[in-house]
Amino acid sequence: GYTVFKPMLQRFNLSVCTDSKNPTYCNEALGTSSCIDHFVVSSDIEQCHQAFVIIESGLNQSDHKPIALSLELDISPSSPNTDKSKVSQV
């Protein structure tokens with residue numbers, strides 16, 4: 001899958017935020033798991049990436065685990081680097 005999208009990601013200056021070491025899809029009945037859920041962001045935003053989290057919850061009935069991305073963005077309209085605000089679980 002990723003090799004198919006890689007040229008598009010490069011062409012539009014996009015990056016993938018993921019945790020490739022831990023699966024986001026797990027099917028116990030079939031005995032399969034993989035990392036198939038990702039965030040795709042502008043390469044400019046990638047530098048603001050603080051954390052990618054796979055949410056483990058007993059309430060989730062899907063074989064896809066929810067994911068969250070935390071970013072630290074400068075959203076000050078007046079001048080850059082004066083007011084940093086955390087935006088979590090975008």
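In this text the structure is predicted, and so the values were computed from the model without any measurement.
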Original post:
Taking all non-hydrogen atoms of both residues, which atom of P23 and which atom of I54 are closest, and how far apart?
Top reply: O-CD1, 3.9 Å
Original post:
Can you check whether P66 reaches N60 side chain to side chain, under 4.5 Å on heavy atoms?
Top reply: yes
Original post:
Can you find a heavy atom in the side chain of L9 that is under 4.5 Å from one in the side chain of V40?
Top reply: yes
**OP:** Kindly indicate whether the side chain of C26, heavy atoms from C-beta on, has any atom under 4.5 Å from the side chain of D63.
**Re:** no
Original post:
Could you give the distance from CZ (F5) to NE2 (H38), rounded to the nearest 0.5 Å?
Top reply: 9.5 Å
**OP:** For the pair T24 (side chain) and I36 (backbone), establish whether a donor and an acceptor sit closer than 3.5 Å, ignoring hydrogens and angles.
**Re:** yes
**OP:** Rounded to the nearest 0.5 Å, what's the gap from CD1 on I45 to OG on S15? Could you check?
**Re:** 10.0 Å
**OP:** Could you name each residue pair satisfying salt bridge (charged side-chain N to carboxylate O under 4.0 Å, His left out) that touches residues 26-48, not counting sequence neighbours?
**Re:** none
Subject >> Backbone of N13 reached by a side-chain donor or acceptor of S43 within 3.5 Å >> reply: yes
**OP:** Would you tell me whether N27 and T32 have side-chain atoms, one donor and one acceptor, within less than 3.5 Å of each other?
**Re:** no
**OP:** Please state whether the rings of Y25 and H64 are parallel, tilted or perpendicular, taking 30° and 60° as the class boundaries.
**Re:** tilted
Original post:
Would you say the side chain of C17 lies within less than 4.5 Å of the side chain of V41, judging by non-hydrogen atoms?
Top reply: yes
**OP:** First locate atom CD of Q50, then atom CG of L69, and finally report the distance between them rounded to the nearest 0.5 Å.
**Re:** 9.5 Å
**OP:** Find the distance between CG (L71) and CD (Q47) and round it off to the nearest 0.5 Å.
**Re:** 11.0 Å
Original post:
Atom SG of C35 and atom CG of N22: how far apart are they, to the nearest 0.5 Å?
Top reply: 8.0 Å
Subject >> E56: salt bridge (charged side-chain N to carboxylate O under 4.0 Å, His left out) partners, not counting sequence neighbours >> reply: K65
**OP:** Quick one: do T18 and F39 satisfy side chain to side chain contact (heavy atoms under 4.5 Å, CB included)? Show the steps, please.
**Re:** CA-CA 7 Å; T18 190; F39 284 100; over 6 Å; no
